[in-house]
Structure formats: C-alpha cells, structure tokens
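Input: a single structure, listed below in structure tokens.
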Amino acid sequence: MTWIDHLIIAPILLPLVTAAVMLLVGERRRTLKATLNVASTIALLGVAIMLLGQADAPPATSGAATVGVYLLGNWPAPFGIVLVLDRLSALMLVLTGVLALASLVFSLARWHRAGTHFHALFQLQLMGLNGAFLTGDLFNLFVFFEVLLAASYGLLLHGSSTARVRAGLHYITINIAASSLFLIGVSLMYGVTGTLNMADLAVRIPAIADEDRMLLEAGAAILGIAFLIKAGMWPLCFWLPTTYAAASPPIAALFAIMSKVGIYVIVRVWLLLFGEQSGTSALFGSDWLLYGGIMTIVFGSIGVLASQDMTRLAGYSLLVSTGTLLAVVGTGHTSVTGSALFYLISSTLAISAFYLLLELVERGRVVGADLLAVTMEAFGDDDFAEDEVGIAIPATMAVLGISFICCALLLAGLPPLSGFVAKFALLTALFDPGGLKAAPNATPITAWVLLGVIVGSGLTVLIAMMRAGIKTFWAPINRTVPRVRFVEVTPIIVLLLACATLTVQAGPVMRYMQDTAASLHLPHGYVNDVLSKPAIPGKGAQ
Amino acid sequence: MELIVAIAIGVLTSSGVWLLLRPRTYQVIIGLSLISYAVNLFIFAMGRLRMNMPPVLESAAAGDPALYADPLPQALVLTAIVISFAMTALFLVVLLAARGLTGTDHVDGREPEA
C-alpha cells in the first residue's frame, strides 16, 4: 500500500497526534500551539480535498459508487472496524475543514486566549468529527461521538462564565442521556442481527424473522432519537438555542456542524439500513422524520420571531434548517436527497458566518464584554484588555452591514445567494412529477404543507433578520464603531464568498450531490465494496 | 434468569430517570450513574445470558459456538464503562464550577422563587 491508500486515516490520526504534541508543550507557549493548530487544520483541509477528489473519481467498472475502504487492523469487514470513504463522507470532511479553519482564524484574534487547552481541544474535536464521518461501524460511531462530545464540553466551557457553565451543565446532561439511548439502540440492533458493521446490517436486515423485526425497529427508533437530539428535532431541541448562544463565537460557529452530524448519521444509517430495497422494514420511520421536521420548522420560525437576542435568533434559524433537512429526507426520494445535501452545505456555512459576525456586531454595543471579566480575574491574563487593537474606521460598519445582509439573504433563502438555489432545488425536487408520484411516502397534501412551511419559515427568518438589522445598523444614533481586526473579518468574508461560489458553481455542485444521493439510495455498491475488501496478505503468506 | 436481569435493569432505569428529572445537580449525577449501570447490564444481556461459560476459547481450535459466551457485548460494556466514567468525572467538575459561580446547587442556576 502506498501512502495514498493510507490517506483515509489521516483525518483521524493527524489531529490526535497534534493534540498530543500540544499537551506536551507548556501552557504559556500559545503562539507555538496556535501555529501548530493552524498548520494541522490547513493540512486537514488539504487531505479532505484530496479525499474528495478520490471519492468523486469515476468508477473503474460501471457501478453505483466508488467507495474507499480502509480495514483497521487488517481484519476483513464484518469482523473488524472499517473506515469508509464515499462521496458523502468526503463532502462532510471538506465542510468540517472549511468551518474549522474559519473559526480557528477568527479565534486567533483573542478568543483562543480566554482559557486553557483551547488548541488541543479544538484538534480533538476535529478528530471526533472526522472519525464520525468516516466510520462504517455503529459502535465505532458511538466512540467517535463521545470523543467529539467530550471535546465540545471543553470548548463550550472555554472562557468560563456563569452563563456558559449553566448552559454547559444542561448540555452535558442531555448529551449523556442521549449517549445512553445510543447504547441501548446499538445493543438492541446487535442483539437481533448479530453484527455492528453498517454494510453487514444492510445485508442482514431484510432477512430478519418477523417475530424479531419488532425489536430491530425498536432499536433503530431508540438509536434515531439519540441522533435527533443531536440534530435538534422538535421536541428534543429546547437545549440548542441557549447552548449555542452561550458558547464563545468561534465555538458556536464550529458547533454549527455538530448538529449536522446528527443529520449525516440519519441520512447514512437510515438510507443504508431502511432504504426502499430493504424488505419489510423499508422506509421505517419516514413519517416521523417528515412530521417531526415540519414541527421543527414551525417551532424554529416562531422562535426566530420571538428571540430578543441575535445569538438566539441564530440558534432558532439553525433549527429551521435542521427541520427542513429532516422533513425532506423523510419524504424518501433520491432527487430530494441531493437537493437536501446542497441545502445542508449552504445553511451550515451561513450559520457559521452569522455566529462569527454577531460577535463583531455586538461588540459595537457592549463595551468591554462582561463575559470576559471573570476570565480576566481567573486567569490573570493582564495583556487581555490591551489587545483591543482594531481599526475603528467607518468602512467597518459597511463591511459588517453587507455581511449581515448576505447572512440574511442566505438564511431566508432569497436570491442571489446559495440559500435561494438550495431552497429552489428542494421545492422543485419535491414537486417533480416523476419524483412525487413515485415517492412511496409523501402524499400531495403533505408536500403542499411542507412547501408552505418551508416558504413561511423563510418569511419569518427574513422579518426577524430585518428587525435585528435595523435595530443594530440603522436606528442607533450614538453608535460606537466596533474595533475589528482583519483576522476576524476575513473568515466571515471567506465563508460568505464560499456561499457565493456555491451559487455560481451550482451546476457542478448539484451534479456531485445528485451522484451522492444516487449512491445513497442504491447502497449495493457501498455494501459490496465494504464486505468484499480483502485483507492485505502477510509477508510470509506467499 | 432473564426475568431477574430484566427487573433489575428496569428498576435501575426508572430510578435513574426519576433522579435525572430532579432539581439538584447531585441527584442528576446519581441518576445518570444509575442509568449507565442499567445500560451496561442491558448491553451485556444482549449477548444472551449464559451460566458458567467464559468468553474465552480453551484450546487453539475454535470450538462449538454454543459452548462459549459472546465476547463482543462484553467488550462493548467495557468501552461504555470507561467512557461514562470519564463523563461522570467531567460532569462533577462542572457541577462544582456551577456551585461556585452561581452559589446554589439548583440545576437552573438560581433558586426558584417561592
């Protein structure tokens, strides 16, 4: 095997080794740790892009998918744990890399100094995220979920204040309860089928005896609840806006992809195990996803109008995007899934940019952020207060204002940015004549309700954003221009430019998403590639 | 045998859920610990309860699978125990920090108005 073949494990090993090295370096040497962190994150993004190219290559023989399989410990598939690289995993890896780099660069201005071990925790968070996207085994997924959750607890508490610790207490409790549910679901599925490997489960589930099927579906439902808590489906989402509002801004921007991990797992596991060709249990639970998603959109729309604080507004619009994704995935058709993936990318980039932007905007209103007062006393960082060296020029307000408008357009789904393209693609796919009537689950009434709710949520998000924007940018008379640093504005602009690029390059991107959806809905390629990957023969075998 | 284990898991889970919903943080932690005990017993029971059968092969040759206990759920339980142990430790630290910062051990961070 050449080093290219080992590239699949690099997104997991590289952050682990970097975090270990950082823990050996002393606490005072922040510049060294920051440099290591930036170098590692750039390397991760590069590896993710190379893996994307590898996953998107046309297959050597005609088949549904090219799937890169990496056998951990050289044990073949049902017995050992496998890492699987297909188009969806590669896409999520690239998205993680982009968001990580953006929020890391933002944090270099001052947030990385607000507490200890920021950089090590950041790298471990990336390790957990990358591992969760790459794994092909349910219990390995649980382990990587725990890694990313443990790092997220540390990052949420970073720069501790009363609000953060309180939100952290609730967040940790809910996630430990969700992990218990995860374990119950996984063990139930193991008890019925006898395997934990996702591809092997896809083979065994159609063959389950009818008296055991009830236990299998119960296990899958409990497992689904654990992911839906993470994704933020109503009524499991009440923790989300408070927690994300309490996090420090670069961490909130990184957490935007944490809720998408729940969506990713649902898309992956549900379409693989309970797709249309899986026998009696086909499309199990699609009604729950559809109606739960609709309720989440409604809840998010009301919350967006009701929130008095822009960070809570961002949290509720995150819920709106989650609900949209869950509802359209629940309709269960291929073309809709492709559009949903496009929407996932666009909305995640928009929410991250919005969280980063909000800190700069609110800086103009709150003098000497009281969140950091406790931190200054606790850590005795004397040089913290003097670091407010931005340039207070009027162009700052122009840049912030235009970024705010772009975020509003993206979140509400208005032209010309990618939010509109994504919503348009979603609604077209929902009402596509061939798609809708052939979809096994969605009735016309449900599709019309979904259309109304999606468009209505765009309206409410628009109203709320306009109200917030007027209050922040137009109405204040004695406004102090916030001091922003170049390194803080650049990530926001880069994320918004990425969304603009998604609009311009919508053709190739949608082609990729449609190919991803096609291979997700026909998992034979995935299953065959994983189960038939041979182990490397030992040196003495020949 | 299965009945006893099922009743034990049920009692542990229900106690844990009741404690989890209480307003004091220490009760929440004990509730989460009880739930993790129940879940670990449940995972172990998924390997089918067998008496006097170790999950170890006696000789080098693989024998009849019916003579051995399933080792995989036991490995899953070990992993789950270690992870929940670390999470409990972290949660205890956050509990202490919350007690210090808010001055109360109520989960909402402030005492309810009477």
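Chain A is the first sequence line, chain B the second, and so forth, proteins listed ahead of strands; every chain is numbered from 1.
- Taking CD1 of A:Ile172 as the reference point, atom CG of B:Leu90 lies at 4.5 Å (rounded to 0.5 Å).
- The two residues A:Arg166 and B:Asp108 have their closest heavy-atom pair at CD-O, 3.1 Å.
- Using a 4.5 Å cut-off between heavy atoms, B:Ser84 makes no contact with chain A at all.
- Here B:Asp70 is the residue among B:Thr102, B:Ile29, B:Asp70, B:Thr88 with the most heavy-atom pairs under 4.5 Å with chain A.
- Of the two parts of A:Leu181, neither the backbone nor the side chain holds a non-hydrogen atom closer than 4.5 Å to a non-hydrogen atom of chain B.
- More than 12 heavy atoms of other shown residues, nucleotides or ligands fall within 6.0 angstrom of atom CZ in A:Phe238.
- Of the two parts of B:Leu76, the backbone and the side chain both hold a non-hydrogen atom closer than 4.5 Å to a non-hydrogen atom of chain A.
- Both the backbone and the side chain of A:Ile184 come within less than 4.5 Å of a heavy atom of chain B.
- Taking a 6.0 Å sphere around CZ of B:Phe44, one finds it holds 12 or fewer heavy atoms contributed by other residues, nucleotides or ligands.
- Atom CD1 of residue B:Ile43 and atom CG of residue A:Leu183 lie 4.5 Å apart, to the nearest 0.5 angstrom.
- Taking all atoms of both residues into account, the shortest heavy-atom contact from A:His170 to B:Val107 is NE2-O, 2.8 Å.
- At most 12 heavy atoms of other shown residues, nucleotides or ligands fall within 6.0 angstrom of atom CZ in B:Arg110.
- Proximity to chain A is limited to the side chain of B:Ile83, based on heavy atoms less than 4.5 angstrom apart.
- Taking every heavy atom of both residues into account, B:Leu32 and A:Ala177 meet most closely at CD2-N, 4.3 Å.
- In this structure, CG on B:Leu41 lies 11.5 Å from OG on A:Ser187, to the nearest 0.5 angstrom.
- Other residues, nucleotides and ligands contribute only 12 or fewer heavy atoms inside 6.0 Å of the CE atom of A:Met214.
- Only the side chain of B:Val28 comes within less than 4.5 Å of a heavy atom of chain A; its backbone N, CA, C and O stay farther away.
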